[in-house]
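One structure is given below, encoded as structure tokens.
No experiment lies behind these values; they were computed from the predicted model shown. We count ligands from 1, going down the list as the structure has it; atoms in each ligand are counted the same way.
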Amino acid sequence: MGLLSIIRKTKLKEHEMRLLLVGLDNAGKTTIVKRISGEDASTVSPTLGFNIKTLEFAGYQLNVWDVGGQRSLRPYWRNYFEATDGLVWVVDSTDRRRLADCAEELARLLQEERLAGATLLIMANKQDVPGALGADAIREALRLDALVGRQWSIVACSAVDGSGLLEGFEWLVKDIAARIYLLE
Ligand code: G3D
Ligand code: MG
């Protein structure tokens with residue numbers, strides 16, 4: 001039995017899911033993780049490297065890997081791809097200047113073979129900021145409708161007021177559960 005199938009078996013038993021949280025730096029990834037895990041989200045510092053957080057959510061144990069998004073760190077994302085069940089791509093919906101960069105990085109990530117089976121949740125974050133682009137504009141900018149063979153969804157959210165976060169994670173967990181716990 002390969003290592004990957006051992007990991008999968010263990011995950012099944014423990015009701016575990018592994019989520020990879022990625023996106024450009026400053027998108028709000030660490031704030032989202034803190035908010036969802038009920039921690040004080042008023043102080044976050046830029047993520048150098050990664051944080052791993054284990055949360056209980058909807059009866060599952062979520063192992064969330066929050067990976068730093070600075071350009072210099074992006075080549076390291078691939079070290080976290082193995083055995084990823086869900087991919088959460090966080091977008092700063094106020095950052096119009098880097099939207100093309102954001103689309104390009106997402107497209108690159110989705111080409112990764114090891115992520116081919118992962119469910120994709122796009123979080124259009126910072127909706128509390130006046131003038132933030134809505135989910136439809138982000139969906140278009142990231143060309144989500146052109147994705148083929150991928151389970152995906154987009155949610156408008158704010159890590160500051162908490163809106164949309166649970167909705168997004170609920171969808172993600174449900175979609176993954178339907179896939180990996182099918183055999184139970
Ligand atoms: P990252 O982990 O993706 O790099 P962080 O992003 O979680 O470190 O957040 C980057 C900055 O965006 C932080 O501000 C954080 O407070 C802010 N932020 C995150 N989510 C939201 C949101 O939904 N709305 C608003 N208005 N701000 C948000 P600072 O000022 O600490 O750099
Ligand atoms: Mg961070």
Side-chain angles (χ1 to χ4, degrees), residues 17-57 62-82 84-110 112 115 118-144 152-173:
M17 291 181 184
R18 182 159 151 195
L19 307 183
L20 185 62
L21 217 79
V22 269
L24 303 188
D25 51 294
N26 204 50
K29 301 178 291 295
T30 303
T31 313
I32 286 174
V33 174
K34 285 197 169 182
R35 181 83 196 203
I36 285 189
S37 57
E39 272 178 49
D40 178 12
S42 59
T43 56
V44 288
S45 27
T47 309
L48 304 169
F50 60 91
N51 306 313
I52 307 172
K53 183 130 258 152
T54 300
L55 333 164
E56 292 295 327
F57 188 90
L62 306 185
N63 296 320
V64 182
W65 293 60
D66 166 17
V67 185
Q70 288 93 329
R71 194 175 283 277
S72 59
L73 294 174
R74 294 178 207 165
Y76 296 98
W77 287 352
R78 71 181 48 149
N79 298 333
Y80 308 98
F81 291 164
E82 218 68 71
T84 292
D85 300 307
L87 199 56
V88 182
W89 184 261
V90 184
V91 182
D92 177 346
S93 308
T94 70
D95 190 357
R96 292 159 195 257
R97 198 176 51 82
R98 291 201 300 169
L99 208 51
D101 188 16
C102 178
E104 203 176 297
E105 289 291 350
L106 174 63
R108 197 198 316 272
L109 193 67
L110 294 179
E112 288 288 340
L115 293 174
T119 301
L120 173 66
L121 172 67
I122 310 286
M123 304 189 92
N125 193 34
K126 306 200 185 182
Q127 292 298 320
D128 60 290
V129 179
L133 292 167
D136 284 342
I138 300 290
R139 171 189 185 141
E140 226 167 85
L142 302 187
R143 296 180 292 279
L144 298 178
W152 68 271
S153 183
I154 183 166
V155 67
C157 71
S158 162
V160 163
D161 67 24
S163 62
L165 300 184
L166 294 184
E167 180 196 338
F169 271 71
E170 265 160 21
W171 175 82
L172 182 63
V173 165

Numbering as shown, the atoms of ligand 1 that approach T30 to under 4.0 Å (heavy-atom distance): 2 (O), 7 (O)
Side-chain donor-acceptor contact under 3.5 Å, S93 with Q127: yes
Residue S158 vicinity, atoms of ligand 1 by number, heavy atom under 4.0 Å: 23 (O)
Shortest heavy-atom approach to atom 32 (O) of ligand 1 - which of N26, D25, L21: N26
Geometric N/O contact D128 with ligand 1, under 3.5 angstrom: yes
Enumerated ligand 1 atoms positioned under 4.0 Å from heavy atoms of T31: 5 (P), 7 (O), 9 (O), 15 (C), 19 (C)
CG on L166 to CZ on F57, rounded to 0.5 Å: 5.0 Å
L165 CG to D161 CG distance, which is reported to the nearest 0.5 Å: 8.0 Å
Test: K29 and D66 ion pair at under 4.0 Å: no
Sub-4.0 Å heavy-atom approach of V90 to ligand 1: no
Atom of V33, atom of K53 and distance for their closest heavy-atom approach: CG1-CD, 3.6 Å
Backbone or side-chain N or O of A27 under 3.5 Å from ligand 1 N or O: yes
Heavy-atom donor-acceptor pair, N125 side chain to A27 backbone, under 3.5 Å: yes
Which of the ligand 1 atoms, numbered from 1, are nearer than 4.0 Å to a heavy atom of V129: 26 (N)
Location of contacts on V160 toward ligand 1, heavy atoms closer than 4.0 Å: both
